[in-house]
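For reference, the structure is listed below as structure tokens.
Because the structure is a prediction, the values reported are computed rather than measured.
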2 protein chains.
Amino acid sequence: MKLDEIDVQILKMLQDNGKRSYTDIAQQLDVSEGTVRSRINRLLKEGVFEFIIHMDPNKIGLNVQVIIGIKTKLGHQEAIAAHLNDYPEVRFVGAFSGHHDLILQAYFKNNEDLVNFLNKELAKLEGIVAADVSIELKQYKDSFSYMIQEQD
Amino acid sequence: MKLDEIDVQILKMLQDNGKRSYTDIAQQLDVSEGTVRSRINRLLKEGVFEFIIHMDPNKIGLNVQVIIGIKTKLGHQEAIAAHLNDYPEVRFVGAFSGHHDLILQAYFKNNEDLVNFLNKELAKLEGIVAADVSIELKQYKDSFSYMIQEQD
DNA sequence: TTTGAAAAATGCGAAGC
DNA sequence: GCTTCGCATTTTTCAAA
């Protein structure tokens, strides 16, 4: 995995606007369109980034957003994470150090769907000791512009 | 805000692959290219979604990812959230019900940068009662494909 | 709004440096 | 690995239904 300065610049331009054209980026960086194209293809192939769309959950009818911290029985963490993966309502799952072994983020249409998820789905998973549900009241930031470092 | 079935289908195709062309989408949905384009532009203007790139933090040198739950003094929440917003390391901030008033997600180059953030930046913000730091050990899911509902 | 057709811009593949 | 040059595809614009 290598990222030189041109790669970093390309990524910075794309994280500004995922629809920027090769030509546009090439002109700003003073390289050819072909260079930008081949580098973007390399970065995609290496899994450094991907082109996606980011939807506003509230505007597509997902009005209840939660973060749930889970304490698991020793040895059950991996299996629980794998199960959580299958729910389309769950958009993020990670294993963490700290008070919760697993932390997940999930989006629901309404409170009823959330309650059903907690009582019918989460409750039936083996090895969950405790689940801390935090309901999002207001979102202040949700950015995808990271600080990119050169790599070698 | 209205989303009919065609809008939903367009979004579903785009969340599959953010680089799909108008032409491609139009053919699959059996409408004209112009229809797809005008709808995408409407959805963009209304802030329903945006074209972005999603980078793998580990592959751009951000190897330490954390979620921090913060308990704030009554009345300080809004100001603290606003300050957290300014840090490029912080990618998500939300106000929540539950054990933590604010929950944030942040990405750092290494543990030293994390410790500096906690001790030098977070520590100087007024009104923080407690901060629960959870360090990500393994990521199981990080999806941007949501369940899209029609709206009216 | 949606369509269709023409013009402009962008993307793609190949060859040469 | 970078560039340039044709050609293909896509995007954009605009008039009309």
Among the candidates D:dT10, D:dC2, C:dG11, find the nucleotide nearest to the side-chain atoms of B:S21.
D:dT10
Assign the ring pair B:F117 / B:F108 to parallel, tilted or perpendicular, where the plane angle (0 to 90°) is split at 30° and 60°.
tilted
Check the distance between D:dT4's P and A:Q27's CD and give it to me in whole angstrom.
12 Å
Euclidean distance, atom CD1 of residue A:I40 to atom C1' of D:dC2 [Å, nearest integer]
15 Å
Can you tell me how far P of D:dT12 sits from CG of A:D24, to the nearest Å?
13 Å
Rounded to whole Å, please give me the gap between NZ in A:K2 and C1' in D:dG1.
13 Å
Can B:D7 and B:K2 be counted as an ion pair, charged N to O under 4.0 angstrom?
no
Could you tell me if the ring centre of A:F92 sits under 6.0 Å from that of B:F92?
no
Take the angle between the ring planes of B:Y146 and B:F144 and call it parallel below 30°, perpendicular above 60°, tilted in between.
tilted
Grab the CG-P distance between A:N17 and C:dT10 for me, whole Å please.
12 Å
How close or far is atom P of C:dA8 from atom OH of B:Y22, stated in whole angstroms?
19 Å
When you get a sec, tell me which of C:dT2, D:dT4, C:dT10 is the closest nucleotide to the side chain of A:T23?
C:dT10
Of the options C:dG13, C:dT3, C:dT2, whose atoms approach the side-chain atoms of B:S38 most closely?
C:dT2
Reckon A:R42 touches a base, only the sugar-phosphate, or nothing at all at heavy-atom distances under 4.0 Å?
nothing
May I have the distance from A:E33 (atom CD) to C:dA14 (atom C1'), rounded to whole angstrom?
13 Å
For A:T35 and for A:K19, locate the closest nucleotide of DNA chain D by heavy-atom distance; then report the residue assigned to the nucleotide nearer the 5' terminus.
A:T35
Nearest-nucleotide comparison on DNA chain D, the residue closer to the 5′ end among B:N41 and A:I6:
A:I6
Using a heavy-atom cut-off of 4.0 Å across all strands, would you classify B:R39 as base, sugar-phosphate, or nothing?
sugar-phosphate
Distance under 6.0 Å and angle within 45° of the ring axis: does B:K124 meet both against B:Y87?
no
C:dT3, C:dG13, D:dC2: which one has an atom nearest the side-chain heavy atoms of A:R37?
C:dG13
